[in-house]
Amino acid sequence: MIAARLLRGAAGVAGFLVAAELFIRFGLGEGLVFPAPSAILLGAWELLADGDFLEGALATLTNWVLGLLAATAVAVPAGVLLGALPPAERAIRPVLEFLRPIPSVAIIPLAILLIPVDELMKVSVIVYASIWPILINTLYGMRDVDPMAKDTLRAFGFGPLAVLVRVSLPSAAPFVATGVRIAAGIALVLAVSAELVAGGAAGIGVYVNVAGSGNRMDLMMAATFWAGVLGVAANLALLAGERRLFHWHRARTGEVES
Amino acid sequence: MTRTLRIPAVVLGLALALAGCGGGDTPASTPTAGGTGLEKTTIKVGALPVPDPAALYIAQAKGFFQAEGLTVEPVTITGGAAALPQIESGALDISQTNYVSTILAAGQGKKIKLVADMYQAAPNTFAIMVAKDSPIQSVADLKGKTVLVNNLRNIATLAVTSQLKAAGLAETDVKFAEKPFPEMGNAINSGQGDAIWITEPFITANKNTLGFRTIADTMTGATADLPIAGWMASEEWAAENPRTLAAFQRAIAKAQQLASSDRKEVEAILPTYTKIDAKTAAAITLGAFPATLDPARLQKVADLMLEYKYISSPVDVKSMIVPTSG
């Protein structure tokens, strides 16, 4: 069954590539230039032997991982704390709802001005953007805890800390994991955007800028392609981790195999 | 109220904590370095991946910085205006800038110094181009048309405006719209504009792949040999690091001399820091690489900016220049 699903997915990707290739080669108006998928994939293959690109990809990856880890380290405790203290959550909610929708790319120029160390500036912007989904999901997870389970533990004389550790945290964990997975995608967007806006010594976004200035749209698209591959890989890895760690959760909520 | 501030405070606290960790490797740890007397031996220098800063990479490759006891870490920037906050914050020690941006910033009271010259216009380095079947034949035909430029109110619009004036038109007779250089060709062919102001390698690329025509060289008449780009530092940095700056100036001047006397040097270095390959590098038109920053030549830029009201009061560029010392 998994084989059939993979086959269908591969057919979809192949169909898209063929359609895009045909459209760009024959359907694009005269006088418009855009690299066809075959050219982009060839460029992507060549990038694997390009030291500048590999160094850049490593720099982007490092900022991405650091940013995501820092955001998780901040957002999960904050979410647990707010989830455990409903009055505090109600008080802070309006601020959250205001800060959350600010497009994070818009704060990059401010970050450039305020933070003189380039890598720290980029990581900070990533942290700012990826905190919200983790925080909000943790809050929801804390709210979703079965009150009966909490009451049962209390009836047996367990204190609030024990209830938190034995019931609330395990129950909220799958929500937290989903939050981290959503944040991973956002963090990658910001890791590359910060490089596109601010430049830097190396990075996927820096490479895209260099390719653009040299009129190499094929390399721009090839570098972008790899950023996409990184995003897909991270999502799959986190999804697999969630399935392995929280299979009981899926069973409980009755979620069907997607 | 203190509660509502908790999350941002946590974020800020983390940022500060990280700043504290990162602070260790900022080069405050280089007092007078072994014998050379440089205040700072490792500097971050911002440059665009275009032909203009070729001398930086020539100096790097030929060991001119090394000979001065200087380690240069090149950083790719996204534009002179974007690099300014990085110079102000100290993220960069020295950076490429275009003179219009710098003079605009100086007009707004920013404490920026020009420390060396980099790139000067030569014939056919900045052109107005149109599609091959466009009815536009000359600058006068641009009346009522849309001209695509890389930045509004900068060197592009200044150069085009000066050509408009020569053709008896005013700035208000055309409409300017922003578009990145790589996208200009497609933008014209899909009807988003009528003409483009563009530089190399895009002049050659648009001519060869799309059959675009040059209707005017914008670096003629009042803008002939116009200084385009230079190296900047903050006033504070220049004052605190005079010997480091002098070392940088000497190495860059040497590389500029090489670049201006032998085009092959520039062609050889271009593929190493840009995505311009050797074949394209040999075909494109290059500007000049002056070895000294001449205030009289640079004043022309400020005067043009005053004439077209980019700045509201005269700027004496001499006061912005840190001359080469020994």
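Letters go in sequence order (proteins before strands), and every chain restarts at 1. What you see is a predicted model; the values in this text were computed from it and never measured.
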Tabulate below the donor-acceptor pairs under 3.5 Å that side-chain atoms of residues 232-239 of chain B make, not counting sequence neighbours, or state none.
unit_1	atom_1	unit_2	atom_2	d
S234(B)	OG	W237(B)	N	3.0
W237(B)	NE1	D93(B)	OD1	2.9

Out of curiosity, R216(A) CZ to D277(B) CG, how far, rounded to the nearest 0.5 Å?
6.5 Å

Using residues 185-192 of chain B as the side-chain source, report each donor-acceptor pair under 3.5 Å to any protein atom, sequence neighbours left out, with the distance given to one decimal.
unit_1	atom_1	unit_2	atom_2	d
N186(B)	OD1	V33(A)	N	2.7
N186(B)	ND2	V33(A)	O	2.7
N189(B)	ND2	G31(A)	O	2.4
S190(B)	OG	N186(B)	O	2.9
S190(B)	OG	A187(B)	O	3.3
S190(B)	OG	Q192(B)	NE2	3.1
Q192(B)	OE1	K179(B)	NZ	3.0

Is L196(A) in contact with chain B via its backbone, its side chain, both, or neither, using a 4.5 Å heavy-atom distance?
backbone

What part of K44(B) is in contact with chain A, defined as an atom under 4.5 angstrom from a non-hydrogen atom: side chain, backbone, both or neither?
neither

How close do I112(A) and P85(B) get, heavy atom to heavy atom, and via which atoms?
CG2-CB, 4.1 Å

Counting heavy-atom pairs under 4.5 angstrom with chain A, the leader among T274(B), L210(B), L270(B) is L210(B)

E195(A), part contacting chain B, at a heavy-atom distance under 4.5 Å:
backbone

Heavy-atom cut-off 4.5 Å, strictly under: side chain, backbone, both or neither for F202(B) against chain A?
side chain

To the nearest 0.5 Å, what is the distance between NZ on K275(B) and CE on M220(A)?
13.0 Å

Keeping the roles fixed (side chain from Q86(B), backbone from A198(A)), state whether a donor-acceptor pair exists under 3.5 Å.
yes

With a strict 4.5 Å heavy-atom criterion, list every residue of residues 207-215 of chain A that contacts chain B, or say none.
Y207(A), N209(A), V210(A), A211(A), G212(A), S213(A), G214(A), N215(A)

So does I115(A) get a backbone contact from the side chain of S89(B), meaning a donor-acceptor N/O pair under 3.5 Å?
no

Suppose we screen for side-chain contact (heavy atoms from CB on, under 4.5 Å). Which residues come up paired with A177(B), at least two apart in sequence or across chains?
T146(B), L148(B)

